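Below: one structure, written as structure tokens.
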Amino acid sequence: MARPFDVVALESKWQQRWRDSGLYEVDNDDPRERFYALCMYPYPSGAAHQGHVRNYTFGDLVVRYQTMRGKAVLSPFGFDSFGLPAENAAIKAGSHPRLFTDQRIEELRASVQKLGAVYDWRREVRSHDPEYIKYSQLIFLKFFEAGLAYRANAPVNWCPGCATVLANEQVNADGTCDRSGDLVERKNLEQWFFKITAYADELLNEVDGLEWPDRVKTMQRNWIGRSEGAEFALQVDGQPDLAIRVFTTRPDTGFGVTYAVVAPEHPLLDQLTTAEQRDGVDELVTRARGASELERTASSDSGIGLDKRGAFTGSYVINPFNGDKLPVYVADYVLGTYGTGAIMAVPAEDERDYAFAQVHNLPLVRTVAPPADFEGGAYSGDGVKINSGFLDGLSISEAKKQATAFLGERAAGEAKVNFRLRDWLVSRQRFWGCPIPIVYCDGCGIVPVPAEQLPVVAPDDVSMDKSGQSPLATHEGFRSTTCPTCGGAARREADTMDTFTDSSWYFLRYTDPFTPGVPFDPSAAAKWMPVDQYIGGIEHAILHLLYARFYMKALVDVGLAPGLPREPFRRLFTQGMIRMGGSKMSKSKGNLVAPQQYYESVGADGLRLFHLFVGPPNDDFDWTEQTNDVIDGCARFIDRLWRLAELEEVTWRDEADATDLAVRRAVHKTIVRVTDGFEKWGYNTGVAALMELLNTLSKWARDAHGAHRATFDEAIDTMCLLLAPMAPHVSAELWAKRHGDDQLVHAQSWPTADPSLVVDDTVTMVIQIAGKVKARLEVAADISEADATAAALAEPSIAALLNGAAPSRVIARPPKLVNIVP
RNA sequence: GCCCGGAUGGCGGAAUGGCAGACGCAGGGGACUCAAAAUCCCCCGGCCGCAAGGUCGUGUGGGUUCAAGUCCCACUCCGGGCACCA
């Protein structure tokens, strides 16, 4: 579209000036009030897409707005530069992942700069920088020292064809390998874990105090999944040395237990299985252990029948409540990873137990009286205890307490809290990640690499081949080393860390990448932390945000971050996704709309304004055929403002009059509306308010009646100031044209509204009869209730409608409304 | 299955319990122009009406209230998250 100015030249000129001015480079000793604004650092996948544009438009708005409010705003940028896509690209091309990564970082950096977003680039973080690797490894070692990092066996997806480990994303829905098509197996490997469960309670409790979207808080709570109950022993009949420990949230249902179930992975399963039952049990275990993880986690009413999903072990246990002999089954609906991997089954009060009991003809004993009209199978609602010996007549909550106490005396039981949250498996059998700084020595065992030898970096002389196996595992120069303790021959750990470890502390590195020898100086970090406003996609609602919270707490506890707050992100805003044709816009789906074409037509300002205007920032947005028209409309608004500021068709009047007062009121009301919008994520209504003001100004200044110069100047200056965080280039240019080339609109103070200009002298009062609007009346803004009522009743059209009848009631809400009830 | 969201013109959306549809897009009409583009002006939920005006209208059905898009109850549909968590 034809523009009244050269948009490309104008925008690149200002981007250059912002870089030169240093306006957004803040030092750690800046005396102003602090504000830490942060967008989630991106994975560098090449030039920015609309999701980035949306994210950084919101972020940049916050940065520029808070700066104009007089704050020192920390606005850093960086790249989450380790990860699988670069590794896969390198495998395909037979080259090194760094080549792709560095190139894509430059592409993304350039396109982000073209958006006009401003950052303090001195603080840039790239996860694959040796400096960053060094401190990521130092943190690992501190966690190891503190007992927060440990080794254990854990299953991985193993492709026999490729002889390598696969990420979950590389396993197809039917359980085959993405690359070779072979059936993927579960295989146990010794791997590293972070003990996030040690913080389960704190992670759960501190969710409450965060200014985060409720949706995200709920997701975090559910993910942590705390449940209270009891754990106790079920003695195996005839084997005095053998007992199965079970966990239940319903100890009150103890008299209703009619069987017990262990998970296929249960360590005692072998001992429990009798010779006669061996075949059935083995068959079940084999199937559960196979590639059928997906099958197993599918809902119970799909896939394989329940009869095939459980088998009798041949053993019995004794119910401690009533001495009954209970058959022990193995079934895949019990998970080895949760609780004790074994349960007491209560078909009358648990739906899964009920379904299983039906198929296997197991008895049912109700221990809670269901309501009279209850027709279902399992009843898990409230009620009075029945068939439960000493618990009869009690409420469920009281029965839980007494049953737990009973178990304590009779079955080595105790109250127990369980979490759904598992420890964080951080080992990745990948090349393009941060190496785990550990060596294995035959004599000394697991030996941490001494801090002064960090970073441990991957060698450059590798090429990724089609096998997909990490070259770290086979590169002798990397793997063979000497033991730091005894000096003997040793092997380096070949695994790298999950890339979520990098994104768990980058926001701390931003605060102080300057002090040598430490990841960050705690006193410098303390000046900025916690992040005042974190902005990112909802897709990170659980993992990234949970891991970063864990890191923050652990870093404080291991002594790397003394004095820092234990929660990293005070306020979180999650932006909506951009969808196209029903699915999320993404590179992998191939439905990207590149921003570049818009930089050349409507400019970054036009595109930014569109993202701000199109709807509430936290809502998803559908990119359709109509979208380009809306973007053009946003550029049209900029052009109209430009032409008005350039005085096109404006006529002047010497003296100010009532029309000027009205315009000034509109200007000051707009200040309030835009400011409110900025504070409450109402950017769309903020843009609308500016559009309305422009309509008002244009009509007024171009009318034959004319505009008073001072009023006009105040209005245009205010528009520039209010627009500065949204459309920074054009507002900067207009400001410079009006005030001199050395004047920066973004260095000005945010405008404040004159309270006397925000309220009107007179307002339109609505007169209703029975809630329906029948008349309107111009009244003084401070009209009294009595005067409003009198004026309403005196209005001729109202009097005519009432026809002399006295109203039964009159509700007056001066000065806006009077409702007459006949 | 459970837990969150959401449903308003042709479309995106606006509306501290107080004039539903701000603002924009699309559409229609007009001005300017030889013409087109751009720009500017006007109209734009349905129905009745020449008009003034009337009447219905915020997914469905109830309710609370002088007054409900907004609050409460029940439901329908759509989107998302978790999904055998004992």
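Order of the sequence lines sets the chain letters (A, B, ...), proteins ahead of strands, with each chain counted from 1. Since this is a predicted model, take the numbers as computed values, not measurements.
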Scan nucleotides 61-65 of chain B against the protein and return all N/O pairs shorter than 3.5 Å with their distances rounded to 0.1 Å.
none

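- Between B:C43 and B:A37, the distance separating the two P atoms is 22 Å to the nearest Å.
- If A:Asp350 and A:Trp223 are placed on RNA chain B by their nearest nucleotide, the residue sitting closer to the 5' end is A:Trp223.
- Using a 4.0 Å cutoff on non-hydrogen atoms, the parts of residues 688-697 of chain A near RNA chain B are A:Ala688, A:Met691, A:Glu692, A:Asn695, ordered by number.
- Only the P atoms considered, B:G12 is 29 Å distant from B:G1, to the nearest whole Å.
- In RNA chain B, consecutive stretches of 3 or more Watson-Crick or G-U wobble pairs with both distances under 3.5 Å are given as paired ranges: B:1-7 with B:76-82, B:10-12 with B:23-25, B:27-31 with B:39-43, B:45-48 with B:53-56, B:59-63 with B:71-75.
- Not a single donor-acceptor contact under 3.5 angstrom links the side-chain atoms of A:Arg702 to the base of B:C40.
- By the side chain to side chain contact (heavy atoms under 4.5 Å, CB included) test, A:Thr624 pairs with A:Asp622, A:Gln626, A:Thr627, sequence neighbours left out.
- At B:C19, none of the side-chain N or O atoms of A:Thr764 fall inside 4.0 Å of OP1 or OP2 (strictly under the cut-off).
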TODO: At under 4.0 Å between heavy atoms, which parts of nucleotides 8-18 of chain B does protein reach? Answer with one letter per nucleotide, 5' to 3': B base, S sugar-phosphate only, - none.
DONE: --BBBSS---B
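- Nucleotides B:C42 and B:C32 place their C1' atoms 15 Å apart, quoted to the nearest Å.
- With sequence neighbours excluded, the residues that form a side chain to side chain contact (heavy atoms under 4.5 Å, CB included) with A:Leu801 are A:Ile769, A:Lys774.
- A gap of 13 Å separates the P atoms of B:G28 and B:A38, to the nearest Å.
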